Every structure is written in C-alpha cells, then in structure tokens.
J.: 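Mind having a look at this structure? Questions to follow.
Keep in mind it's a predicted model, so treat the numbers as computed, not measured. Below, chains carry the letters A, B, ... as their sequence lines are ordered, and counting in each starts from 1. These values consider heavy atoms only, across backbone and side chains, with no hydrogens, waters or symmetry-generated copies.
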Number of protein chains: 2
Amino acid sequence: MSTPLSIKIDRSSPIPLYHQVAQGIEGAIRDGSLASGTRLENEIELAQRLRLSRPTIRKAMDDLVQSGLLVRKRGVGTQVVSSQIRRHLELSSLNDDLERAGKKPSTTLLSFEHIPAPPEIQDLLSLPKDVSVYHFTRLRSAGGSPLALMENWVRDDIVELDETSLQAHGLYELLREAGVNFRLAQQRIGATTADEAQAKTLDAAAGSALVTMQRTAVDDTGRNVETGSHVYRADAYSFEMTLVQR
Amino acid sequence: MSTPLSIKIDRSSPIPLYHQVAQGIEGAIRDGSLASGTRLENEIELAQRLRLSRPTIRKAMDDLVQSGLLVRKRGVGTQVVSSQIRRHLELSSLNDDLERAGKKPSTTLLSFEHIPAPPEIQDLLSLPKDVSVYHFTRLRSAGGSPLALMENWVRDDIVELDETSLQAHGLYELLREAGVNFRLAQQRIGATTADEAQAKTLDAAAGSALVTMQRTAVDDTGRNVETGSHVYRADAYSFEMTLVQR
DNA sequence: TATGTCGCTTTGACAGGACAAACTATATAT
DNA sequence: ATATATAGTTTGTCCTGTCAAAGCGACATA
C-alpha cells in the first residue's frame, strides 16, 4: 500500500524544501521506482516521515499535479499518472529543446537589420514611439539537416544584438544573459504549405507541409520583449504538451 | 497606487473563498476595471480588507498567475498582465470551443464500429485484454462549412455509445454525462497536406495544409478513456495558448 | 559624481492546527 | 439479497503566526 519513497532533504540548501520534495518524487517517477498507477503515502504520513509540515508536502504535490505527473482524489489518495502522459509544454526555446534532446543545433543568420518598428510590430510589442527593433531571420538545423525558418523582432532598448552572437547562440539564451526574465508567452500553432523560397531554404519539396508558430513573449516587468513567426518542417517537428484540468 | 477593487465574499456559499476571490479579480480584469499594468493591493492589505487570511488570498493569486493573468515580483507587488496575453489552453473539446464562440457546430457521423481493440490502440489506452473499443470518424462543420475530420477510439467499459447520440452531441459532452471526470490529456500538434479523400470530405484542395492533432485523455481514476487523431483545415483553425514560466 | 549601505515594502517559504467533504468498506437492518 | 447507515481514511479549505529574501529608494560617504 504505502511505498517507502526515500527522499533526502537538505535544510541548509538554498533550494526550497517543497521543491526538494517535488524533485524527489519526480525523480522516483522518472527512474521507475514509483510505477504509474502507484498510490503514494498520504500527505500527513509523508510529512511526519520527512519531518516537514503538511503545507510543504501539499505545495510539492500541487506542483506535480500541475505538471501532470500526479492525480489526487479526496478520500482516496494520490496516484502516479499513466506513463504515456508526460510533461507540460513549457516556455522554452527550440534551441534549448534541441540541446536537451542531444541533437546539436546550428544556426545560419539569413538576414539582419536594425530598423524603426513597422506599425504592426509596434502594435504587437506595445512599443513606445521612440523604440526601434532588431529584425532578423535565421535557419535552424539539427544533425545537419534544416529544421526551422525563424523570423523575429526584438525591441532594442533591452539588449544589444549583433550578427556574430546570433550565429553562435540561441535568442533566448542571449536575452536571458542580458537579464531578461521571461514570464509568459502567447503562442499560436497552425499549418501551411511550403512556397518556393521556403522549400529551397528548408531543403524540402515545394508544397510540403509546414508547422507554423507565432509567439509573443513577455518578461517579468510586463514588457513584450520579442515576437516571432516560425515555420518547421512537419516531418521533423511537432508540438507536444500535457493539458491539465483545473 | 492601490486600486480599491471591491469583491463580494459569501461565506455561506459552497464555492471556496479563494475561488471567490480569484473570480472577483478575474472579473475586474476582464471588464476593464483593473487595467493591464495596474499594481494590485498587496496581499496583506487585501486580506485584511476582505477579512480573509493571507494564505487564502495567496491561493487565489497563485491560480491567476498560473492562468497567466497576473505576474508577481517579490519586493515590488502584483501586476495585471498586458492585455494581449490571455487565456491558458485548457482541456476542452472542439465542440465546446465552437459553441462558446457562438459558431453552431454540426456533426456528421461517417463511420461507426464496436470492435476488439487493435494492438496499437490497446497500447495507447493501456487496455486490459477483455475490453473492446468504439471506433468512429466524424466530420465537424461550423457555420455550414467543414472544419475538421476526427477519428476516435473510446473504451467500451465506461460509456455506451451509439450512432444517434454521436450525431447530436459532442463526444466530451457524452462522456461527462456518463460520469467521466477528465483530468489530463497528452496532445501532439503538427501539420500535413490533404490527400484526395481528406480534401474531398473537407471541401478543400488536395495538397492543401492541414493541422493535425493526436490526443489521449485520462480521467480522475487514471484510466485512459479516449484517444483520437484529428485533422483541421489550416485556413480555418489554429491552436492558441498562453505559456507560463514556472 | 559615483557608490555603497541601510531600511522599508512586498512576496516567498514554512510550521502547526482545526474542521469539512468525498470516498471506501464494513456492518446492520429490511 | 439489497439497501442503508456508519466509521475510517484521505484530501480540501482555512486560519494564525514567523522569518527570509528580493527589490527599491533615500541617504551618507568617498
């Protein structure tokens, strides 16, 4: 009934206790020691065993429920979710995703300009009149084959961008280094077919299917930092996500 | 500096206090009385004014931060997010979405069978050996024009389905009426081009772009209730979502 | 002028306790 | 055998309280 579940708590660590608990449980789920469908110890027991308060345990479990790893039911207990269901779609960049997947992304900068914002971009980014933007297009490849064509606009009052750094690093990486803390993004995913130019750049047939994505990202001060319009080869990329009922 | 923000709390209501607060704030944001960028009262003050405890207020705000309506920053306060960003992608059905948008969806049942589960479906739904499935395809139209082609498999030990009810009602509606409480869904979105048959059914050109979506949904007991593979006309449908940094 | 320190404000983390509501299973009555 | 009550388990909601950490601005200092 009750799985032992050994979690180490380090009270001197700067990382919050509830997060240590969450990581511990998540780790046990991912390495298989907590199989899907298993019922966890109840909150009170776990709290006593780890010498933590119930609110702390609950906060940890709340987070795991939110990311779709656990389900709770009053009067019954907390269960590990079936293994096919995995991770929540997070605010991450293509570059990061590829690096995590061990692919080795490379980037070609196709165009770069520093210009006053066109009206529709000024609107999308809610820009003050005197702020200009960087506008550039990049080709992202993984494992040597082209994957995505990305067009972006970034306001110029937050970070200074140039051709060489964009070749070498992901955009989100550069922005984070410049002190930007992303909070939210609004994203739209659809489909289209490749026109001549896109087909040529992506090394695909004209008329082949592409996944389209438009995104606007907001930092912790509420500024719209970046907006972009990307297309991905449909045979090489799709968006995966876990939805959680609230 | 501090916006007044009048929220009515009904302590005799069965709906939790924190949720009443969240609804109150969300309402004020949506009807414009809390403009985007506004700083809210601090948690302690708001708690005192509404005669609630700080944890209750915090829980309400946590939920709104999760749904992307608010951003918090230690030492600064809590702000309403810029107005373009809104609404988390929720676990909802196409039918519900269309009805909410006032479109008047209609459904044509193209095929229907009640069969033993094929191996890959048995795997996707983690079915016991003796459970069979309903397998059916539907065409969903909105405002008279075809929009989506949907193929679904539903395990037969939870709900009894028949042709007539599927013509008249959405699948999720039928499942909810049968007492199914959805908790999670795993979803993958991509793109493809329409083959002859799809083009004909959807009243589109062969080779035109389609958005693809595969989904498996889990209920509160951890069972995989339903899996499906859908295609949407790309010129009429796209997926919109707000991502929140955790 | 520039820089660092200090204090104020606000959110973040954590504890411990109390009762309510939902679910399960067992025992009881019809 | 079939309902019906009942007790026990577990999560849900809500409270009071305490201290820490981050951000910001004012002030003092070099």
J.: Looking at every strand, decide which applies to A/Ile44 at a 4.0 Å heavy-atom threshold: base, sugar-phosphate, or nothing.
T.: base
J.: Just the rounded figure in Å: distance from C1' of C/dG16 to CZ of A/Arg51.
T.: 16 Å
J.: Report the distance from atom CG of B/Asp219 to atom P of C/dC23, rounded to the nearest whole Å.
T.: 13 Å
J.: Strictly below 4.0 Å: does B/Arg58 bring a side-chain N or O up to OP1 or OP2 of C/dT11?
T.: no
J.: Could you please spell out the steps behind the side chain to side chain contact (heavy atoms under 4.5 Å, CB included) verdict for A/Phe239 and A/Gln187?
T.: CA-CA 12 Å; A/Phe239 288 88; A/Gln187 180 165 301; 4.1 Å; yes
J.: Taking DNA chain D as the partner, which of residues 12-28 of chain B come within under 4.0 angstrom of it by heavy atom?
T.: B/Pro16, B/Leu17, B/Tyr18
J.: Let me spell it out: for each of A/Met61 and B/Ser53, pick the nucleotide of DNA chain D with the closest heavy atom. Which residue's pick is nearer the 5' end?
T.: A/Met61
J.: Whole angstroms only, please: what is the CD-P distance between A/Glu43 and D/dT13?
T.: 11 Å
J.: Is there a donor-acceptor contact under 3.5 Å linking the side chains of A/Thr107 and A/Arg140?
T.: yes
J.: Do A/Gln20 and A/Asp10 pair up side chain to side chain, a donor and an acceptor below 3.5 Å, judged on atom types alone?
T.: no
J.: Can you pull out how bent the helix from C/dT1-D/dA30 to C/dT30-D/dA1 is, comparing the axes over its first five and last five pairs, to 10°?
T.: 20°
J.: Applying side chain to side chain contact (heavy atoms under 4.5 Å, CB included) to B/Thr56 and B/Leu50, what does each step give before you reach the verdict?
T.: CA-CA 11 Å; B/Thr56 303; B/Leu50 301 180; over 6 Å; no
J.: Which residues satisfy the ring-ring contact (aromatic ring centres under 6.0 Å, His included) test with A/His19, sequence neighbours excluded?
T.: none
J.: Classify the side-chain pair A/His230/A/Gln214 by whether it contains a donor and acceptor separated by less than 3.5 Å.
T.: no
J.: Distance check: side-chain N/O of B/Arg72 vs OP1/OP2 of C/dT10, anything under 4.0 Å?
T.: no
J.: Give a yes-or-no answer on whether the side chains of B/Arg138 and B/Asn152 include a donor-acceptor pair shorter than 3.5 Å.
T.: yes
J.: Nearest 0.5 angstrom please: B/Thr78 OG1 to B/Glu41 CD, how far?
T.: 11.0 Å
J.: N/O contacts under 3.5 Å, protein versus nucleotides 3-7 of chain C?
T.:
none

J.: Looking only at side-chain N and O atoms, does B/Thr242 offer a donor or acceptor that is under 3.5 Å from a partner on A/Gln186?
T.: yes
J.: Does C/dT10 have OP1 or OP2 sitting under 4.0 Å from an N or O in the side chain of B/Thr78?
T.: no
J.: Evaluate the criterion side chain to side chain contact (heavy atoms under 4.5 Å, CB included) for residue pair A/Arg51 and A/Ile9; output intermediate values, then yes/no.
T.: CA-CA 9 Å; A/Arg51 289 174 218 284; A/Ile9 299 297; over 6 Å; no
J.: Kindly determine whether A/Val159 and A/Glu177 satisfy side chain to side chain contact (heavy atoms under 4.5 Å, CB included), including the steps that lead there.
T.: CA-CA 9 Å; A/Val159 65; A/Glu177 271 167 23; over 6 Å; no
J.: Which sits closer to the 5' end of DNA chain C, A/Arg11 or B/Asp62, going by the nucleotide each is nearest to?
T.: B/Asp62
J.: Do the charged groups of B/Glu45 and B/Arg54 touch, with an N to O distance under 4.0 Å?
T.: no
J.: Mind checking ring-ring contact (aromatic ring centres under 6.0 Å, His included) for B/His169 and listing every partner two or more places apart, or none if nothing turns up?
T.: none
J.: At less than 4.0 Å, is any side-chain N or O atom of B/Thr56 found next to OP1 or OP2 of D/dT13? Yes or no.
T.: no
J.: Whole angstrom is fine here: how far is it from CZ in B/Arg39 over to P in D/dC24?
T.: 10 Å
J.: To the nearest 0.5 angstrom, please state how far the NZ atom of B/Lys59 sits from the CD1 atom of B/Ile57.
T.: 13.0 Å
J.: Tell me the interatomic distance from B/Leu70, atom CG, to C/dG12, atom C1', rounded to whole angstroms.
T.: 16 Å
J.: What is the distance, rounded to the nearest whole Å, between atom CD1 of A/Ile9 and atom P of C/dA13?
T.: 15 Å
J.: Rounded to whole angstrom units, what separation is found between the CG atom of B/Leu46 and the P atom of C/dT10?
T.: 13 Å
J.: Would you kindly give the CG-to-P distance between A/Asn42 and D/dG8, to the nearest whole Å?
T.: 16 Å
J.: Have B/Glu160 and B/Tyr134 got a donor and an acceptor in their side chains that come within less than 3.5 Å?
T.: no
J.: Show each protein N/O and nucleotides 19-22 of chain D N/O combination with a separation under 3.5 Å, one pair to a line.
T.:
residue, atom, partner, partner atom, Å
D/dA21, O4', B/Arg74, NH1, 2.8
D/dA21, O3', B/Arg74, NH1, 3.4

